[in-house]
Amino acid sequence: MLDPTIRYTAAQPSDAPAIADLLEPYAEMGVVLPRPAGEIGEHIGNFLVAREVGEVLGAVALRDFGDGLHEVRSLVVDSGCVGRGVGSQLIKAAVDLAIARAARSVFTLTLRPGLFQRAGFELVDMERFPQKVWSDCAQCRKRHCCDEVALLLSLEP
Ligand SMILES: CC(C)(COP(=O)(O)OP(=O)(O)OC[C@H]1O[C@@H](n2cnc3c(N)ncnc32)[C@H](O)[C@@H]1OP(=O)(O)O)[C@@H](O)C(=O)NCCC(=O)NCCS
């Protein structure tokens, strides 16, 4: 059941520190890539947030890899409100943004495939996304022992 008090909206520049705070503990655990507030601010137009009474409860970003391929990344929900469907709604909001940006497909690399499979994503071979591997994965401390899986959602009819 959706919580009507939580709104899913485009992030504002002033949200960058709150998004960075949400990501930081999970970046330290190696669950998401680290993203400092300055970098988030530079790309704030790609972020969506879950907001309740003005407070940022969760965030997600969309990255355009060109040629109609977008990535859902930096998905995070405040540890105090996991299991309420916020993560799933953020994935849905990111897919809606991808559609609005005329994406042809959306991929993600994740440790939580079930969340994305429920949103219609399908497991695929990570080698389908060399652009991602060349950029982010090359800097990841788990690049030689990656435990993530790749999923793809085709938006083409
Ligand atoms: C992964 C993460 C984003 C999930 O956020 P969330 O808000 O708990 O996600 P949801 O509530 O939509 O789903 C979580 C679980 O609750 C269940 N759930 C979904 N909607 C629900 C609802 N309305 N009520 C109760 N439970 C629900 C789902 O079955 C899901 O279980 P599963 O993923 O084990 O299959 C969050 O735990 C997080 O920030 N983790 C750390 C960072 C991270 O792992 N990011 C993802 C990297 S891609």
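Counting starts at 1 for both ligands and their atoms, following the listed order. All residue numbers in this chain count up from 1 along the given sequence. Computation of the quantities below employed the complete heavy-atom set of this structure, encompassing side-chain atoms and omitting hydrogens, waters and symmetry-equivalent molecules.
Of the options A50, G58, G83, the smallest heavy-atom separation from atom 27 (C) of ligand 1 is shown by G83. By heavy-atom distance, the residue among A119, A27, G85 lying nearest atom 11 (O) of ligand 1 is G85.
For the pair R118 and F116, the cation-pi test (distance below 6.0 Å, angle within 45°) is failed.
Counting the atoms of ligand 1 from 1 in the order shown, those under 4.0 Å from a heavy atom of V31 are 42 (C), 43 (C), 44 (O). Distances below 4.0 Å separate heavy atoms of S88 from the following atoms of ligand 1: 10 (P), 12 (O). Of all atoms in ligand 1, listed by their number and element, those nearer than 4.0 Å to a heavy atom of R84 are 11 (O), 22 (C), 23 (N). Near L75, the atoms of ligand 1 lying under 4.0 angstrom from a non-hydrogen atom of the residue are 3 (C), 42 (C), 43 (C), 45 (N), 46 (C).
T110 and E148 share no donor-acceptor pair across their side chains, judged by distance under 3.5 Å alone.
Hydrophobic clustering of Ile, Leu, Val, Met, Phe, Trp and Tyr side chains at less than 4.5 Å, counting indirect connections, unites L90 with F121. At a threshold of 4.5 Å between side-chain heavy atoms, the hydrophobic network of Ile, Leu, Val, Met, Phe, Trp and Tyr places V86 and L97 in one connected group.
Residue-to-ligand polar distances keep L109 apart from ligand 1: every N/O pair is separated by 3.5 Å or more. Not a single N or O atom of F116, backbone or side chain, sits closer than 3.5 Å to an N or O atom of ligand 1. Every N/O-N/O distance between V32 and ligand 1 stays at or above 3.5 Å. For G87, a nitrogen or oxygen atom sits less than 3.5 Å from a nitrogen or oxygen atom of ligand 1, counting backbone and side chain alike. Here's the thing with T108: none of its N/O atoms is less than 3.5 angstrom from an N/O atom of ligand 1. Between R112 and ligand 1, at least one pair of N/O atoms sits closer than 3.5 Å. The distance criterion of under 3.5 Å between nitrogen or oxygen atoms is not met by L115 with respect to ligand 1.
Remark: E39 CD is packed, more than 12 non-hydrogen atoms of other residues, nucleotides or ligands lying under 6.0 Å away.
For V76, the closest heavy-atom approach to ligand 1 falls below 4.0 Å. Ligand 1 lies out of reach of G114, whose nearest heavy atom is not under 4.0 Å from it.
Contacts of R118 with ligand 1, taken as heavy-atom pairs under 4.0 Å, involve the side chain alone.
For the atom pair S105 OG and F65 CZ, the distance stands at 11.5 Å (nearest 0.5 Å). Within the model, atoms OG1 of T108 and CG of L153 stand 11.0 Å from one another, a figure rounded to the nearest 0.5 Å.
The existence of a salt bridge linking D64 and R101 is excluded, since no basic side-chain nitrogen approaches an acidic carboxylate oxygen closer than 4.0 Å. Using a cutoff of 4.0 Å between basic side-chain nitrogens and carboxylate oxygens, E52 and R84 are scored as salt-bridged.
Proximity of V60 to F47: side-chain heavy atoms (C-beta onward) are nowhere separated by under 4.5 Å.
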